[in-house]
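In what follows, a structure is listed as structure tokens, so that the remarks can point back to it.
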Amino acid sequence: MADSTESEMKLGSFMSDKSAKIFVAGHRGLVGSAIVRKLQESGFTNLVLKTHSELDLTSQSDVESFFATEKPVYVILAAAKVGGIHANNTYPADFIGVNLQIQTNVIHSAYTHGVKKLLFLGSSCIYPKFAPQPIPESALLTGPLEPTNEWYAIAKIAGIKMCQAYRIQHQWDAISGMPTNLYGPNDNFHPENSHVLPALMRRFHEAKANDAEEVVVWGSGSPLREFLHVDDLADACVFLMDRYSGFEHVNVGSGVEVTIKELAELVKEVVGFKGKLVWDCTKPDGTPRKLMDSSKLASLGWTPKVSVKDGLRQTYDWYLENVVQKKQ
């Protein structure tokens with residue numbers, strides 16, 4: 001399927017048109033804000049950015065009139081309702097409903113108003129709970145999902161399939177990228193709702209500030225996880241917009257695994273916490289391993305640039321400046 005349309009879609013045209021109007025949906029989030037930084041650094045001068053109060057992406061009529069008025073040439077769809085396990089379990093209707101609305105409205109209006117190319121962003125949670133490791137793109141829809149976030153995952157799978165359907169029926173250049181675990185500036189450092197990396201950073205920082213003797217972390221520390229700095233994802237998004245026009249979604253990962261124990265030690269070092277790290281082995285570990293197979297993206301010529309240690313340092317600097325100082 002990919003080959004039948006690729007000849008009609010010019011690769012390399014994205015980077016050669018720096019004045020083209022680009023709509024980045026979700027520009028205030030972790031991913032969207034990184035994409036905006038990358039586009040600006042790359043010399044793009046005509047970005048269309050709308051806050052939720054300016055444009056409600058769940059409203060079909062609002063999205064339709066936005067596209068009719070603005071007529072962007074390119075769209076990067078990074079807007080989504082996201083949250084951790086607790087939020088997914090508590091608000092399943094919101095996670096499936098809101099995300100389906102956003103995707104359907106943006107993808108359909110982008111097509112009907114002549115957008116040249118659209119990139120839809122998903123998440124590694126689209127894959128089956130017991131997918132092979134590392135997880136290849138072909139693992140999609142081969143088994144049951146992780147129950148704690150299946151509502152969100154189903155919405156994201158629908159987004160991939162919608163892009164593929166518009167490609168088949170309309171020969172429209174809609175592509176999808178699936179990032180691994182992300183971190184970096186604008187991450188969520190909320191005490192209850194944050195993911196493992198920002199949660200660890202906050203806990204070590206607060207322990208250091210309070211002269212605590214130890215920090216207790218759940219589990220044994222043995223599970224393996226993959227992390228990608230959000231600036232690397234943004235770089236990959238620009239690369240895909242310019243260099244990829246295929247039917248299948250593309251995994252975007254670092255290919256580097258760390259144990260939760262190694263991660264905790266690294267965060268402890270970056271934060272400068274001198275106390276003890278204690279593991280509570282009575283608490284669950286979660287999935288033993290979750291790694292994406294990003295060899296497809298590597299074969300296209302893209303590789304990540306930010307090491308975990310450098311990325312953690314940069315993220316901690318941002319946390320100190322934007323979270324800690326604002327509380328004082």
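What you are looking at is a predicted structure, and each value in this text was computed from that prediction instead of being measured.
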Rounded distance (nearest 0.5 Å) linking atom [atom1] of [X] with atom [atom2] of [Y]:
| X | Y | atom1 | atom2 | result |
| --- | --- | --- | --- | --- |
| S176 | E248 | OG | CD | 10.5 Å |
| D187 | S33 | CG | OG | 9.5 Å |
| F239 | T303 | CZ | OG1 | 9.0 Å |
| D242 | L11 | CG | CG | 8.0 Å |
| Y183 | T315 | OH | OG1 | 5.5 Å |
| I35 | L233 | CD1 | CG | 6.0 Å |

With heavy-atom distances below 4.5 Å as the criterion, would you say the side chains of [X] and [Y] are in contact?
| X | Y | answer |
| --- | --- | --- |
| K296 | Y244 | yes |
| N105 | L57 | no |
| L39 | I22 | yes |
| T287 | P223 | no |
| Y91 | V98 | no |
| N181 | H195 | no |
| W151 | L145 | no |
| I175 | L240 | yes |

Give me the atom names and distance for the closest heavy-atom approach of [X] to [Y].
| X | Y | answer |
| --- | --- | --- |
| L77 | Q103 | CD2-CA, 4.2 Å |
| T58 | Q101 | CB-OE1, 3.5 Å |
| V31 | V230 | CA-CG2, 3.8 Å |
| V106 | V75 | CG1-CG1, 4.0 Å |
| V252 | M292 | N-CE, 4.0 Å |
| L228 | P304 | CD1-CB, 4.0 Å |

Relative to Y74, does K117 satisfy both conditions: NZ or CZ under 6.0 angstrom from the six-membered ring centre, and within 45 degrees of the ring's axis?
-> no

So, [X] and [Y]: side-chain donor and acceptor under 3.5 Å apart, yes or no?
| X | Y | answer |
| --- | --- | --- |
| N46 | S19 | no |
| H249 | Q164 | no |
| S61 | E64 | no |

Look at the side-chain heavy atoms of Ile, Leu, Val, Met, Phe, Trp and Tyr, link any pair under 4.5 Å apart, and say whether [X] and [Y] land in one connected group.
| X | Y | result |
| --- | --- | --- |
| V73 | L119 | yes |
| V24 | F44 | yes |
| L224 | L312 | no |
| V216 | L277 | no |
| W218 | V196 | no |

Does the pair D285 and S220 meet the rule for a side-chain hydrogen bond (donor to acceptor under 3.5 Å, both in side chains), with working shown?
-> CA-CA 7 Å; D285 263 340; S220 67; 2.6 Å; yes

For the backbone of [Y] and the side chain of [X], can you confirm whether one donor and one acceptor N or O come within less than 3.5 Å of each other?
| X | Y | result |
| --- | --- | --- |
| S307 | D310 | yes |
| N186 | G29 | no |
| E262 | T259 | yes |
| N88 | G83 | yes |
| D62 | L55 | no |
| S254 | V256 | yes |

Would you call [X] and [Y] a salt bridge, taking side-chain N to carboxylate O under 4.0 Å as the test?
| X | Y | result |
| --- | --- | --- |
| E70 | K21 | yes |
| K309 | E269 | yes |
| K116 | D173 | no |

With [X] via ring-ring contact (aromatic ring centres under 6.0 Å, His included) - residues at least two apart:
| X | result |
| --- | --- |
| F204 | F273 |
| F95 | none |
| Y111 | Y166, H170, W172 |
| Y152 | none |

With sequence neighbours left out, the residues meeting salt bridge (charged side-chain N to carboxylate O under 4.0 Å, His left out) with K129 are E146

According to the salt bridge (charged side-chain N to carboxylate O under 4.0 Å, His left out) rule, which pairs have a member within residues 26-41, sequence neighbours left out?
-> R37-D231, K38-D235

What salt bridge (charged side-chain N to carboxylate O under 4.0 Å, His left out) pairs are there with at least one residue in residues 81-107, not counting sequence neighbours?
->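 Residue pairs with at least one partner in residues 81-107: there are none.
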
Partner of E257 under side chain to side chain donor-acceptor pair (under 3.5 Å), picked from K290, Q133, R289, is R289

Is the CD atom of Q169 crowded by more than 12 outside heavy atoms at less than 6.0 Å?
->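 No, because the 6.0 Å sphere around CD of Q169 holds 12 heavy atoms or fewer from other groups.
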
Whether over 12 other heavy atoms sit under 6.0 Å from K276 NZ |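 Atom NZ in K276 is not packed in, count stays at 12 or less.
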
Are F23 and F66 an aromatic pair by the rule of ring centers under 6.0 Å?
->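 Yes, the ring of F23 comes within the 6.0 Å limit of the ring of F66, centre to centre.
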
Transitive ILVMFWY cluster of L291, excluding itself - 4.5 Å side-chain cut-off | none

Can you name the residues that form a side chain to side chain donor-acceptor pair (under 3.5 Å) with S295, not counting sequence neighbours?
-> D293

How would you list, by chain and number, every residue that makes a side chain to side chain donor-acceptor pair (under 3.5 Å) with K261, sequence neighbours excluded?
->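 Side chain to side chain donor-acceptor pair (under 3.5 Å) list for K261, sorted by chain: empty.
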
Criterion side-chain contact (heavy atoms from CB on, under 4.5 Å) against K156, the qualifying member of I126, L100, N149, L121 = I126

ring-ring contact (aromatic ring centres under 6.0 Å, His included) contacts touching residues 281-301 (sequence neighbours left out) |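 Of all non-adjacent pairs touching residues 281-301, none passes ring-ring contact (aromatic ring centres under 6.0 Å, His included).
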
Pairwise side-chain hydrogen bond (donor to acceptor under 3.5 Å, both in side chains) hits with a residue in residues 206-217, at least two apart |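 Sorted result for residues 206-217: R202-E206.
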
Classify the angle between the aromatic ring planes of F67 and H113 as parallel (below 30°), tilted (30 to 60°) or perpendicular (above 60°).
-> parallel

